[in-house]
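The block underneath contains the structure these notes are about, expressed in structure tokens.
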Amino acid sequence: MNDDCIFCKIAAGIIPSATVYEDDDFRAILDIAPAHKGHTIILPKKHAANLFELDADSAAKVFPVAKKVAAAVKKATGCDGVNILQNNGTAAGQTVFHLHVHVIPRFEGDGILPVWPQGAYADGEAATLAEAIRKEL
Ligand code: 5GP
Ligand code: ZN
């Protein structure tokens with residue numbers, strides 16, 4: 001546990017939270033400033049600042065938790081859809097540097113999240129970039 005990390009303390013139960021799910025590895029809690037009521041964040045109990053630091057075992061376990069929590073949020077809130085969102089780095093909107101996965105209930109036409117621009121690739125550019133990424137794997 002990182003003593004300076006609020007999400008470590010919440011995940012460990014040292015700071016109380018509105019917990020909706022807990023197992024040996026994760027705690028899922030209601031976000032304190034929800035995009036919609038029912039907005040839930042899933043916190044690993046083991047500290048990792050972001051996806052790049054997350055160990056492979058936690059990475060493998062987190063999506064099944066997201067699936068379970070998303071289904072429960074959908075039933076409990078009656079939302080029409082759900083976004084699974086996970087921010088890494090300030091450029092991506094991360095504000096708390098303990099990895100967490102957002103489960104955000106969505107309602108038709110709510111317009112609460114921006115739609116990203118529809119970019120385009122020049123001829124051959126996508127293949128070159130795909131190759132550059134493949135090389136880094
Ligand atoms: P990020 O922007 O880093 O992806 O998301 C951080 C989220 O954590 C925000 O949605 C924010 O409202 C939520 N948050 C920050 N501090 C607390 C807290 O002490 N308790 C809870 N439940 N949520 C928090
Ligand atoms: Zn932490």
Side-chain angles (χ1 to χ4, degrees):
M1 185 171 97
N2 180 340
D3 286 341
D4 300 327
C5 175
I6 187 167
F7 278 8
C8 275
K9 290 179 187 156
I10 291 174
I14 295 164
I15 295 176
S17 62
T19 294
V20 304
Y21 174 83
E22 184 180 8
D23 63 22
D24 288 347
D25 302 303
F26 298 96
R27 182 187 294 271
I29 65 172
L30 293 185
D31 194 292
I32 203 168
H36 278 302
K37 289 175 184 171
H39 175 172
T40 298
I41 46 179
I42 301 165
L43 320 176
K45 292 186 175 179
K46 191 167 153 191
H47 181 85
N50 51 43
L51 188 64
F52 308 111
E53 283 189 7
L54 190 68
D55 65 85
D57 182 55
S58 300
K61 286 176 173 165
V62 74
F63 216 78
V65 175
K67 175 177 167 60
K68 207 178 295 190
V69 168
V73 165
K74 188 167 186 299
K75 280 188 187 158
T77 65
C79 64
D80 301 312
V82 166
N83 285 111
I84 302 296
L85 187 67
Q86 197 273 307
N87 300 326
N88 297 284
T90 51
Q94 186 176 11
T95 59
V96 178
F97 297 93
H98 173 126
L99 179 137
H100 49 282
V101 175
H102 293 264
V103 179
I104 303 176
R106 297 296 304 274
F107 296 87
E108 292 296 344
D110 66 15
I112 61 161
L113 290 181
V115 176
W116 56 77
Q118 302 282 292
Y121 290 107
D123 276 357
E125 193 182 0
T128 304
L129 185 54
E131 173 61 13
I133 294 169
R134 267 200 307 277
K135 275 189 185 152
E136 298 297 338
L137 290 170

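Given the structure is predicted, the values throughout are model-derived calculations rather than measurements. Whatever order the structure lists them in is the order used to number ligands and atoms, beginning at 1.
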Review point. Is there a donor-acceptor pair under 3.5 Å between the side chain of His39 and the backbone N or O of Ile32?
Key: no
Review point. Can you find an N/O atom of Ile29 closer than 3.5 Å to an N/O atom of ligand 1?
Key: no
Check your understanding: Who's closest to atom 19 (O) of ligand 1 heavy-atom-wise, of Asn50, Asp31, Ile6, Leu30?
Key -> Ile6
Practice item. Check whether any heavy atom of Phe7 sits under 4.0 Å from an atom of ligand 1. Key: yes
Practice item. Show which atoms of ligand 1 fall inside a sub-4.0 Å distance from at least one heavy-atom site of Ala33. Key: 12 (O)
Show me the donor-acceptor pairs, under 3.5 Å and distance only, between side chains in residues 109-116 and residues at least two apart or in other chains.
from	atom 1	to	atom 2	distance (Å)
Asp110	OD1	Arg106	NE	3.0
Asp110	OD1	Arg106	NH2	2.7
Asp110	OD1	Ile112	N	3.3
Asp110	OD2	His36	NE2	2.8
Asp110	OD2	Arg106	NE	3.1
Asp110	OD2	Phe107	N	2.8

**Study point:** Heteroatom distance test (Val96, ligand 1): nitrogen or oxygen, under 3.5 angstrom
**Key:** yes
Review point. Closest heavy-atom contact between Val69 and Ala28?
Key: CG2-CB, 4.1 Å
**Study point:** Shortest protein heavy-atom distance from atom 18 (C) of ligand 1, along with the residue and atom involved
**Key:** Ile10 CD1, 4.0 Å
Check your understanding: What about Ile32: any of its N or O atoms under 3.5 Å from an N or O on ligand 1?
Key -> yes
Check your understanding: Which of the atoms of ligand 1 are close to Asn87, meaning less than 4.0 Å from one of its heavy atoms?
Key -> 1 (P), 2 (O), 4 (O)
Check your understanding: Considering only heavy atoms, does Thr95 approach ligand 1 within less than 4.0 Å through its side chain, its backbone, both, or neither?
Key -> both
Study note, to complete from the structure: Note on the Zn ion (ligand 2): protein N/O/S atoms within less than 2.8 Å are Cys5 SG, Cys8 SG, His47 ND1, His98 ND1
Check your understanding: Ile15 near ligand 1, heavy-atom distance under 4.0 Å?
Key -> no
Point to revise | ligand 1 contact by Ser17, heavy-atom criterion under 4.0 angstrom | key: no
Practice item. Could you walk me through whether Asp25 and Lys46 pass the side-chain contact (heavy atoms from CB on, under 4.5 Å) test, one step at a time? Key: CA-CA 7 Å; Asp25 302 303; Lys46 191 167 153 191; over 6 Å; no
Practice item. Pick one of side chain, backbone, both or neither for how His100 approaches ligand 1, counting any non-hydrogen atom pair under 4.0 Å. Key: side chain
Check your understanding: Using the benzene-type ring in the case of Trp, are the ring centres of His102 and His100 under 6.0 Å apart?
Key -> yes
Check your understanding: Under a 4.5 Å cut-off applied to non-hydrogen side-chain atoms, are Ile41 and Phe7 in contact?
Key -> yes
Check your understanding: With a 4.5 Å heavy-atom cut-off, do Phe97 and Thr90 have their side chains touching?
Key -> yes
Practice item. Verify, without hydrogens or angle tests, whether Lys9 (side chain) and Met1 (backbone) share a donor-acceptor contact under 3.5 angstrom. Key: no
Check your understanding: So do the side chains of Pro44 and Val62 get within less than 4.5 Å of each other, counting heavy atoms only?
Key -> no
**Study point:** Residues forming a salt bridge (charged side-chain N to carboxylate O under 4.0 Å, His left out) with Glu53, sequence neighbours excluded
**Key:** none
Practice item. Say whether, by atom type as modelled, one donor and one acceptor occur between the side chain of Lys74 and the main chain of Pro105 under 3.5 angstrom. Key: no
Exercise for review: Just jot down the ligand 1 atoms closer than 4.0 angstrom to any heavy atom of His102, in number order.
Suggested key: 1 (P), 4 (O), 5 (O), 7 (C), 10 (O)
Revision key, fill the gap. The remaining residues in the hydrophobic cluster of Ile133, counting side-chain heavy-atom contacts under 4.5 Å among Ile, Leu, Val, Met, Phe, Trp and Tyr, are Tyr121, Leu129
